[in-house]
**Student:** 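Have a look at this one.
Scope of the values below: all heavy atoms of this structure, side chains included, with no hydrogens, waters or symmetry mates.
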Amino acid sequence: MAKDKGNTPDLLDWVGPDISAAIFRLLHHPAHLLRASAAQRSWRRFVVENDFCRKLCERLCPEAATLAAAVEVSRSSPPPPPSPESSGDAEARAAEAEFRIYSHLCGELVSNAAGPSIDCILHCVGASTTDNFPDETIENTLEPHDRINHRPSYWSSGGQDDGAVPETLTYRLCSDICVVHEIKLQPFKAYFQIGQPIYSSRMVRFRMGHCKLPRGSESYVTEEDENQAVIADENYLWTYTSPEFPMLQENSLQSFKLPRPVLCIGGVVKIELLGGVQKQASDDRYYICVCHAQVVGRSLSPVLMVDISDDGGRSILKYLPAARGLCAEEVMQNKSMDSLEWHALLDRYKHIRHLAIMQVLTGHARLNEQDGDIGLMEQDELGGGDVSDDDNFA
C-alpha cells in the first residue's frame with residue numbers, strides 16, 4: 001500500500017533540533033552535507049538556517065573565519081521586488097545565497113578536479129636584505145634556473161655575524177584568493193666559490209595574508225628600488241602561519257607540503273628563512289641564497305573575489321557565479337547592462353590578468369610542464385576559449 005508522503009514523520013521532528021545539529025556536524029565532507037540538504041526540503045532549510053556549510057568551510061580552512069560576510073554579485077542589476085520584501089524573506093534569501101557561496105568554496109577546498117596546480121607568484125614584494133642589489137635581487141627567484149645566459153641567477157641575503165638571524169622573501173600572488181598546497185624552494189649552490197658551498201637555511205616557515213596598505217598603493221621590487229618601505233611587517237596581517245620545516249643543504253628544488261590546503265585571503269605569501277648554515281669564506285659571515293621559489297596552488301578568481309574591509313583583516317567574500325561560463329573575450333568586455341559592482345570586480349581581475357601577461361612577455365612566467373599551459377597566462381589569451389573554475393587564471 002502506498003504511503004502518503006505528506007504524513008511521513010520527519011527525522012528532524014523525531015530526534016529534535018539539538019541531536020539533528022550534532023548529526024549534521026558529523027558530516028566532514030561538503031558532498032555529504034550537500035546530499036543531505038537535497039534529501040528533503042526541511043533538511044535543506046535546517047542546513048541553511050544553521051550555517052552548516054560556512055562552519056564546515058571554517059573547519060576545513062580556519063582562515064575562512066576571517067571572512068566577515070559573503071555576498072553574491074549578479075552580472076546585471078537585480079530588478080526591484082514587485083512588492084516590499086519582509087525582513088524575514090530578505091534574511092531567508094541572504095541565507096540561501098550564503099549557502100550557495102560556501103558550498104562553492106567548500107567544493108574548491110576539497111576538489112582534486114577543480115584545476116591543475118600552478119606556480120601562483122605574480123610579483124616580488126621584497127626581501128628583508130639583499131647583498132648586491134640589483135644583481136642578487138629577489139626577482140631572480142622567479143627564474144626556474146640558477147644560470148641565465150651563463151651568469152648565476154639567485155637572491156642573496158646580506159651577510160650576518162649571527163647565523164640565527166632570519167631572512168624573509170615576500171611575494172604577491174596572482175589572485176586575492178588562492179588555495180595553496182605547497183611551497184618549493186631551491187637553495188643556491190655557489191659553483192664559482194671554492195668547495196661550491198650551498199647557502200641554504202636551517203628551517204623555513206610560511207605566512208599568508210593581506211597587505212594593509214590601500215588598494216592601488218602597493219609597490220613591488222624594481223631594478224631601482226628594493227621596496228624596503230613596503231615589506232615592513234606592520235603593513236601586513238597574516239591569517240595563516242605554517243609549522244617550521246627543515247631545509248636540506250642540497251642544490252635541488254625542495255617541496256614543503258602544507259599540512260592541509262590553505263586559503264590565502266589577500267594574496268600575499270611571506271617565506272621565512274630561519275637561520276643560516278653556511279659561512280662565506282671571504283668574510284666569515286652567514287648568508288642565505290635562493291635561486292628559485294614557487295607557491296603552488298590555484299587561483300579562485302574571478303568566480304570568487306575578496307574585498308578587505310578593515311585593518312583587522314575582516315574580509316568580504318564576493319561570489320560571481322556568472323563569471324564561471326564566460327569566455328576570455330567576454331571577460332574583457334564591459335556591457336552597459338552590467339552592474340556597477342560586477343564592473344568594479346571584473347576590472348580588478350582584468351588588471352591582474354594584464355600584469356600576468358606582462359610577466360609572460362618579460363620572461364618571468366613559465367610553461368607549466370604538467371599540463372602545457374603558459375604559466376599565469378592561459379592559451380585562451382591567444383585564441384579564445386572558456387574561462388572557468390578549472391582555468392589557470394580562474
Side-chain angles (χ1 to χ4, degrees), residues 61-68 70 105 108-109 114-115 117-126 138 141-142 168-183 206-221 227 230-233 235-242 258 261-272 293-320 323 344-359 364-365 375-377 389 391-394:
C61 267
E63 308 84 60
T66 66
L67 297 169
L105 181 56
E108 291 285 359
L109 295 174
S117 293
I118 62 167
D119 181 7
C120 293
I121 294 176
L122 178 62
H123 275 302
C124 297
V125 176
I138 182 179
T141 64
L142 300 183
T168 64
L169 302 172
T170 305
Y171 297 94
R172 185 71 166 84
L173 303 187
C174 62
S175 169
D176 283 340
I177 182 164
C178 295
V179 177
V180 177
H181 303 281
E182 64 182 317
I183 293 174
F206 313 109
R207 298 185 190 274
M208 302 185 200
H210 75 268
C211 182
K212 295 180 183 178
L213 299 176
R215 186 176 294 278
S217 66
E218 296 178 68
S219 56
Y220 306 99
V221 171
N227 208 34
V230 171
I231 66 169
D233 216 42
N235 291 330
Y236 297 89
L237 189 142
W238 307 113
T239 53
Y240 172 79
T241 301
S242 78
L258 301 176
V262 175
L263 195 62
C264 182
I265 302 173
V268 179
V269 172
K270 180 162 80 169
I271 297 172
E272 296 181 315
Q294 293 182 8
V295 176
V296 180
R298 51 194 171 82
S299 165
L300 302 186
S301 297
V303 178
L304 291 174
M305 306 281 283
V306 170
D307 278 339
I308 308 298
S309 58
D310 56 46
D311 289 344
R314 304 292 290 179
S315 310
I316 299 175
L317 182 64
K318 301 294 181 71
Y319 177 48
L320 289 72
L345 293 170
L346 263 292
D347 282 347
R348 190 200 309 170
Y349 168 76
K350 287 184 285 187
H351 174 68
I352 295 175
R353 189 184 186 92
H354 173 74
L355 294 177
I357 294 171
M358 294 304 297
Q359 289 288 83
H364 288 312
L376 292 171
M377 184 184 75
D389 284 7
D391 182 310
N392 280 356
F393 223 95

**Student:** Is there side-chain contact between Thr170 and Val230, with at least one heavy-atom pair below 4.5 Å?
**Tutor:** no

**Student:** Verify, without hydrogens or angle tests, whether Asp119 (side chain) and Val296 (backbone) share a donor-acceptor contact under 3.5 angstrom.
**Tutor:** no

**Student:** Show, in sequence, the C-alpha distance, side-chain angles and deciding distance for Leu142 and Cys124, and conclude whether the side-chain contact (heavy atoms from CB on, under 4.5 Å) test is met.
**Tutor:** CA-CA 8 Å; Leu142 300 183; Cys124 297; 3.7 Å; yes

**Student:** Are any of the side-chain heavy atoms of Lys318 and Leu304 separated by less than 4.5 Å?
**Tutor:** no

**Student:** Looking at CE of Met208 and OG1 of Thr241, how far apart are the two atoms once the value is rounded to the nearest 0.5 Å?
**Tutor:** 9.5 Å

**Student:** Looking only at atom types and distance, does a side-chain atom of Asn227 sit under 3.5 Å from a main-chain N or O of Val125, one as donor and one as acceptor?
**Tutor:** yes

**Student:** Report the residues that fulfil salt bridge (Lys or Arg N to Asp or Glu O under 4.0 Å) with Glu272, sequence neighbours left out, ordered by chain and then residue number.
**Tutor:** Arg205, Arg207

**Student:** Could you tell me the separation between the CE atom of Met305 and the OG atom of Ser299, rounded to the nearest 0.5 Å?
**Tutor:** 8.5 Å

**Student:** Would you compute the distance between atom CD1 of Ile352 and atom CG of Leu173 and round it to the nearest 0.5 angstrom?
**Tutor:** 10.0 Å

**Student:** Let's go through Ile271 and Tyr171 carefully: what are the C-alpha distance in whole Å and the side-chain angles of both, what is the deciding distance for side-chain contact (heavy atoms from CB on, under 4.5 Å) to 0.1 Å, and is it a yes or a no?
**Tutor:** CA-CA 8 Å; Ile271 297 172; Tyr171 297 94; 3.7 Å; yes

**Student:** Name the one of Thr66, Ile308, Asp176 that satisfies side chain to side chain contact (heavy atoms under 4.5 Å, CB included) with His210?
**Tutor:** Ile308

**Student:** With a 4.5 Å heavy-atom cut-off, do Ile177 and Glu108 have their side chains touching?
**Tutor:** no

**Student:** Once side-chain contact (heavy atoms from CB on, under 4.5 Å) is applied, do any residues pair with Cys211, and if so which ones, sequence neighbours excluded?
**Tutor:** Leu213, Glu218, Tyr236

**Student:** So, for Pro261 and Val179, which heavy atoms are closest and what is the spacing to 0.1 Å?
**Tutor:** CB-CG1, 3.8 Å

**Student:** Could you report the tightest heavy-atom contact between Ser315 and Val306, atom names first, then the distance?
**Tutor:** CB-CG1, 3.7 Å

**Student:** Can you give me the closest heavy-atom contact between Ser301 and Ser175, atom names plus distance?
**Tutor:** OG-OG, 2.7 Å

**Student:** Using a 3.5 Å distance criterion without hydrogens, assess whether the side chain of Glu63 forms a donor-acceptor pair with backbone atoms of Tyr240.
**Tutor:** no

**Student:** For side-chain contact (heavy atoms from CB on, under 4.5 Å), just list the numbers for Glu182 and Leu258, CA-CA rounded to whole Å, side-chain angles, deciding distance to a tenth of an Å, and then say yes or no.
**Tutor:** CA-CA 5 Å; Glu182 64 182 317; Leu258 301 176; 5.5 Å; no

**Student:** Which heavy atom in Val269 sits nearest to a heavy atom in Ile183, and how many Å separate them?
**Tutor:** CG1-CD1, 4.1 Å

**Student:** Considering non-hydrogen atoms only, spot the tightest contact between Ile231 and Gly126 and give its length.
**Tutor:** CG2-CA, 3.6 Å

**Student:** Under 4.5 Å between any side-chain heavy atoms of Lys270 and Asp233, yes or no?
**Tutor:** yes

**Student:** Does any non-hydrogen side-chain atom of Ile265 lie less than 4.5 Å from one of Leu317?
**Tutor:** no

**Student:** Write down the atom of Cys264, the atom of Val180, and the distance for their closest heavy-atom approach.
**Tutor:** CB-CG2, 4.2 Å

